[in-house]
Engineer: 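A single structure is presented below for examination.
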Amino acid sequence: MGGKAGVKRGELQRPGAQENKMGELPLDINIQEPRWDQSTFLGRARHFFTVTDPEICCCLGHSWKLPGTSCRTTGDPLPHLILYPRAGVVIPGLTEDQLWRAKYVYDSAFHPDTGEKVVLIGRMSAQVPMNMTITGCMLTFYRKTPTVVFWQWVNQSFNAIVNYSNRSGDAPITVGQLGTAYVSATTGAVATALGLKSLTKHLPPLIGRFVPFAAVAAANCINIPLMRQRELQVGIPVTDEAGQKLGQSVTAAKQGIFQVVISRIGMAIPAMAIPPVIMNTLEKKDFLKRRPWLGAPLQVGLVGFCLVFATPLCCALFPQRSSIHVSRLEPELRAQIRQQNPSIEVVYYNKGL
């Protein structure tokens, strides 16, 4: 499936007049990169609104039928309409929107560094439906200790899957390291939640509603670095602008993990700060007093509405393909890069999600 000589990887070429009937598809599309300019916040936001779209979460399990395509490759319903264009060959009947749609479905399901298929609930497209359910329940059932423990455990179990699935680099992580990260984050979240719950027992009810957020923020600071501890030990790949690997950097890993922690806490703020204020007001009204069973679904709905916007916008705070100046890298790696290509001033890396 390789493209002809002279064709840039990821760009398209016409296989022949009889094979191609689609004048509407430009040939200069580079589907190796996002559709929108990633140097601007608006471009990244549009990109992540697509990446986190719940509709594409299960798309990989469906057939994509186009003229002349079987839409099945190596046992997966991964259409040729993404694999062929990546090799530089266009497909009859394919439009630009279909091509980009296929790219985002494909990218949402496979890790960019390892190529492994990501478990369904670990994909970024599953973030909104999963988090709205879990967060909504954490905010609803915050009064009793057993429910606090249960929902914090559920949340950290989900976070562990997401953090592992969206790690940066291809360095393997052992079962022992996974277990340590999972237990540490879950213990930290539960301890924070129970500790703050006891401290806020005599404070206004509204203050108690913010305990789950404090627990989630604390757990993110524990879970993400521990789940990605392998990166802090051996580093993550750094590349030049063309994508050629230059080495492994722990400094880049630290910067990437810090950015992800900030983004995750930012995602949680609207969903865990706005609904409690609204619910605290609504629960004093006769409408909810007569229908207390509406409390949980209403809270979940409010959380979901906040997450639809907070998730992609906070993912867009930092570029997915982040950069770091060579002068900030480890001395050994810096010297190696200077020796191989003295003109390189900035290197790039995948920060993870």
Side-chain angles (χ1 to χ4, degrees), residues 10 29-60 82 96-114 117-135 158-159 161-169 216-217 220 223-224 227-228 236 243 252 255-274 303-323 348-353:
I29 297 175
N30 183 5
I31 61 170
Q32 300 296 111
E33 301 293 336
R35 185 173 190 175
W36 297 281
D37 180 11
Q38 297 299 285
S39 65
T40 68
F41 177 78
L42 180 59
R44 295 195 297 271
R46 296 182 71 182
H47 168 72
F48 280 110
F49 266 105
T50 304
V51 169
T52 60
D53 180 2
E55 187 183 353
I56 70 173
C57 189
C58 302
C59 277
L60 204 59
I82 185 67
E96 182 176 357
D97 285 341
Q98 287 173 326
L99 176 61
W100 284 113
R101 178 70 170 174
K103 169 196 163 52
Y104 277 102
V105 171
Y106 183 94
D107 288 352
S108 76
F110 290 86
H111 192 279
D113 294 327
T114 66
K117 191 173 182 179
V118 177
V119 64
L120 188 64
I121 64 172
R123 300 173 192 176
M124 291 306 293
S125 52
Q127 283 284 291
V128 172
M130 291 297 298
N131 270 327
M132 69 180 284
T133 304
I134 296 171
T135 304
F158 171 64
N159 283 344
I161 294 171
V162 172
N163 293 337
Y164 176 75
S165 301
N166 295 281
R167 67 199 185 279
S168 175
V216 166
N220 275 330
N223 195 324
I224 296 172
M227 194 59 66
R228 295 174 59 174
I236 58 175
Q255 179 173 293
I257 290 172
F258 175 76
Q259 292 174 347
V260 170
V261 170
I262 296 299
S263 296
R264 292 289 185 85
I265 293 175
M267 284 181 209
I269 290 175
M272 302 191 81
I274 297 174
V303 170
F305 178 79
C306 293
L307 285 172
V308 164
F309 298 96
T311 301
L313 292 177
C314 288
C315 282
L317 289 176
F318 306 99
Q320 178 67 38
R321 190 189 185 212
S322 290
S323 61
Y348 302 86
Y349 63 91
N350 171 27
K351 71 175 177 63
L353 289 170

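Here the structure is a predicted model, which means the values were calculated and not measured.
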Engineer: Give the minimum heavy-atom separation between F158 and M130, together with the two atoms involved.
Structural biologist: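 The answer is CZ-CB, 3.4 Å.
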
Engineer: Crowded around F49 CZ? As in, over 12 foreign heavy atoms under 6.0 Å?
Structural biologist: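 Yes - once you tally the heavy atoms of other residues, nucleotides and ligands closer than 6.0 Å, there are more than 12.
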
Engineer: Indicate yes or no for a side-chain donor-acceptor contact from Q255 to the backbone of K351 under 3.5 Å, with no hydrogens or angles considered.
Structural biologist: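 A pair under 3.5 Å: no.
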
Engineer: side-chain contact (heavy atoms from CB on, under 4.5 Å), that's the test. Do R46 and T50 meet it? Break it down for me.
Structural biologist: CA-CA 7 Å; R46 296 182 71 182; T50 304; 5.9 Å; no

Engineer: Please report the interatomic distance CD1(I257) to CD1(I262), rounded to the nearest 0.5 Å.
Structural biologist: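 Between I257 CD1 and I262 CD1, I get 13.0 Å after rounding to 0.5 Å.
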
Engineer: Does the side chain of L313 reach to within under 4.5 Å of the side chain of F48, using non-hydrogen atoms?
Structural biologist: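 No, side chains not in contact.
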
Engineer: Could you report the tightest heavy-atom contact between P270 and A310, atom names first, then the distance?
Structural biologist: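 Scanning both residues completely, I find the closest heavy atoms to be CG-CB, 3.8 Å.
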
Engineer: Kindly give the heavy-atom pair with the smallest separation between V128 and P54, and that separation in Å.
Structural biologist: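 Distance-wise, the nearest heavy atoms are CB-CG, 4.2 Å.
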
Engineer: If you compare all heavy atoms of V303 against all heavy atoms of M132, which two are closest, and at what distance to 0.1 Å?
Structural biologist: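 Nearest pair, atom of V303 first, then M132: CG1-CA, 3.7 Å.
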
Engineer: For the CZ atom of F258 and the CD1 atom of I224, what is their distance to the nearest 0.5 Å?
Structural biologist: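 If we round to the nearest 0.5 Å, F258:CZ and I224:CD1 are 11.5 Å apart.
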
Engineer: Under 6.0 Å from the CZ atom of F41, do we count more than 12 heavy atoms belonging to anything else shown?
Structural biologist: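 Atom CZ in F41 is crowded, with more than 12 foreign heavy atoms closer than 6.0 Å.
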
Engineer: Of all the heavy-atom pairs spanning P312 and A45, show the shortest one and how long it is.
Structural biologist: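 Heavy atoms of P312 and A45 come nearest at CB-O, 4.5 Å.
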
Engineer: Measuring from N131:CG to L307:CG, what's the distance to the nearest 0.5 Å?
Structural biologist: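 Going from CG on N131 over to CG on L307, the span is 5.5 Å.
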
Engineer: Could you tell me the separation between the CE atom of M267 and the OG1 atom of T135, rounded to the nearest 0.5 Å?
Structural biologist: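 The distance works out to 11.5 Å.
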
Engineer: Mind checking the CD1-SG spacing from I265 to C314? Nearest 0.5 Å is all I need.
Structural biologist: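 So the CD1 of I265 and the SG of C314 are separated by 10.5 Å.
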
Engineer: According to the interplanar angle, ranging from 0 to 90°, do the rings of Y104 and H47 count as parallel (below 30°), tilted (30 to 60°) or perpendicular (above 60°)?
Structural biologist: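 Tilted.
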
Engineer: Measuring from atom OH of Y349 to atom CD of Q320, what distance do you get when rounded to the nearest 0.5 angstrom?
Structural biologist: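 CD of Q320 is found 10.5 Å from OH of Y349.
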
